[in-house]
Amino acid sequence: MGLADAQSVEENLSSEHYLIVPVSCPVPTRAGEAPKLSGKCRIRLRPGTRIHAILGRDEIHEEHFCNYELNPAFQEQFVAAGLKITGEDDNGVARAVELPGHRFFLATLFQPQLSSEVGRPHPLVVAFLEAARAFADSHARGQSA
């Protein structure tokens with residue numbers, strides 16, 4: 001994005017370009033001292049994206065446990081730089097992003113491991129492991145993925 005001083009407010013307090021900021025809309029029903037974004041939250045998924053294909057739904061409710069998010073003020077710049085916003089909360093804030101053309105760049109603000117169970121991992125965990133296996137197999141054959 002061409003921002004020499006791009007920072008996370010969590011790590012550095014001396015920048016004009018904070019790309020990672022405190023959660024703008026805390027969950028009011030969170031437990032005591034839990035992070036601002038804790039518990040299940042609704043996320044709308046964009047059709048035609050990897051996350052939509054993996055989960056097979058337009059809307060999901062996923063467990064969050066975090067205090068930071070992508071800075072909504074930079075959302076248009078993220079998109080212009082090639083990052084695709086593929087899941088949003090009810091306020092239009094990014095909750096899932098992908099990098100088109102990459103073999104598997106999918107990031108979420110929610111934590112799929114919180115919804116995983118023994119013998120039934122979250123579909124995003126399975127998809128990541130399948131992509132890693134495919135990469136390892138192609139790399140072992142001397143191909144680039």
Side-chain angles (χ1 to χ4, degrees), residues 1-136 138-139 144-145:
M1 291 176 27
L3 303 172
D5 67 337
Q7 293 289 332
S8 166
V9 74
E10 184 178 19
E11 300 293 326
N12 184 320
L13 296 176
S14 62
S15 174
E16 291 186 34
H17 299 108
Y18 291 111
L19 302 185
I20 307 297
V21 295
V23 168
S24 59
C25 194
V27 174
T29 58
R30 72 184 192 275
E33 295 298 315
K36 290 180 182 179
L37 187 57
S38 345
K40 282 198 175 192
C41 297
R42 182 170 74 148
I43 302 165
R44 291 181 322 276
L45 302 178
R46 293 185 192 264
T49 61
R50 180 174 285 195
I51 193 169
H52 188 272
I54 292 168
L55 299 177
R57 293 179 290 192
D58 294 337
E59 182 180 293
I60 57 174
H61 291 81
E62 290 287 345
E63 291 286 338
H64 291 71
F65 196 76
C66 55
N67 280 316
Y68 297 93
E69 65 189 3
L70 289 177
N71 188 343
F74 286 94
Q75 198 153 304
E76 287 182 24
Q77 285 178 274
F78 287 127
V79 171
L83 195 64
K84 189 172 192 173
I85 297 172
T86 57
E88 296 175 321
D89 68 8
D90 290 335
N91 298 312
V93 178
R95 295 295 179 239
V97 297
E98 299 175 20
L99 190 56
H102 190 277
R103 66 182 159 265
F104 196 95
F105 184 104
L106 192 157
T108 65
L109 199 58
F110 64 90
Q111 295 172 290
Q113 70 274 19
L114 296 176
S115 300
S116 292
E117 297 174 7
V118 174
R120 205 175 73 119
H122 191 284
L124 290 179
V125 173
V126 173
F128 174 71
L129 293 173
E130 289 171 349
R133 175 178 283 154
F135 174 75
S138 69
H139 194 69
S144 62

Can you confirm whether [X] sits close enough to [Y] that some side-chain heavy atom of one is under 4.5 Å from a side-chain heavy atom of the other?
{"X": "Leu83", "Y": "Phe105", "value": "yes"}
{"X": "Ile51", "Y": "Glu98", "value": "yes"}
{"X": "Asp58", "Y": "Arg44", "value": "no"}
{"X": "Leu55", "Y": "His122", "value": "yes"}
{"X": "Arg50", "Y": "Phe104", "value": "yes"}
{"X": "Asp89", "Y": "Leu109", "value": "no"}

(message) Applying the side chain to side chain donor-acceptor pair (under 3.5 Å) criterion to Arg42, which one of His61, Glu59, Glu88 satisfies it?
(response)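 For Arg42, the side chain to side chain donor-acceptor pair (under 3.5 Å) test succeeds with only one of His61, Glu59, Glu88, which is Glu59.
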
(request) Can you establish whether the number of heavy atoms outside Phe78 located under 6.0 Å from its atom CZ is more than 12? (result)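 Buried by this count: over 12 neighbours within 6.0 Å.
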
(request) Take atom CD of Glu76 as the centre, draw a 6.0 Å sphere, and report whether it contains more than 12 heavy atoms from other residues, nucleotides or ligands. (result)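 Not more than 12 within 6.0 Å, no.
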
Smallest separation among heavy atoms of [X] and [Y], with atom names:
{"X": "Pro100", "Y": "Gly82", "result": "CD-O, 3.3 Å"}
{"X": "Gln75", "Y": "Ala94", "result": "OE1-N, 3.6 Å"}
{"X": "Tyr18", "Y": "Asn71", "result": "O-ND2, 2.7 Å"}
{"X": "Ala127", "Y": "Ile54", "result": "CB-CD1, 3.5 Å"}

(request) Quick one: pull up CG in Leu99 and OG1 in Thr86 and give me the separation to the nearest 0.5 Å. (result)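 It is 11.0 Å, given to the nearest 0.5 Å.
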
(message) With rounding to the nearest 0.5 angstrom, report the CE to CG distance, Met1 to Leu3.
(response)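 If we round to the nearest 0.5 Å, Met1:CE and Leu3:CG are 5.0 Å apart.
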
(message) Check the orientation of His139 and Phe135. Use parallel for under 30°, tilted for 30 to 60°, and perpendicular for over 60°.
(response)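 Judged by the thresholds at 30° and 60°, the geometry between His139 and Phe135 is parallel.
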
(message) So, using side-chain contact (heavy atoms from CB on, under 4.5 Å) as the criterion, who are the partners of Val79 when residues are at least two apart?
(response)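 Checked Val79 against side-chain contact (heavy atoms from CB on, under 4.5 Å); matches are Ile85.
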
(request) Check the pair Glu69, Arg95 against side-chain contact (heavy atoms from CB on, under 4.5 Å), reporting the backbone distance first and the verdict last. (result) CA-CA 8 Å; Glu69 65 189 3; Arg95 295 295 179 239; 2.9 Å; yes

(request) Would you confirm whether His17, through its side chain, and Gln7, through its main-chain N or O, come within 3.5 Å as a donor-acceptor pair? (result)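 No: the side chain of His17 does not pair with the backbone of Gln7.
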
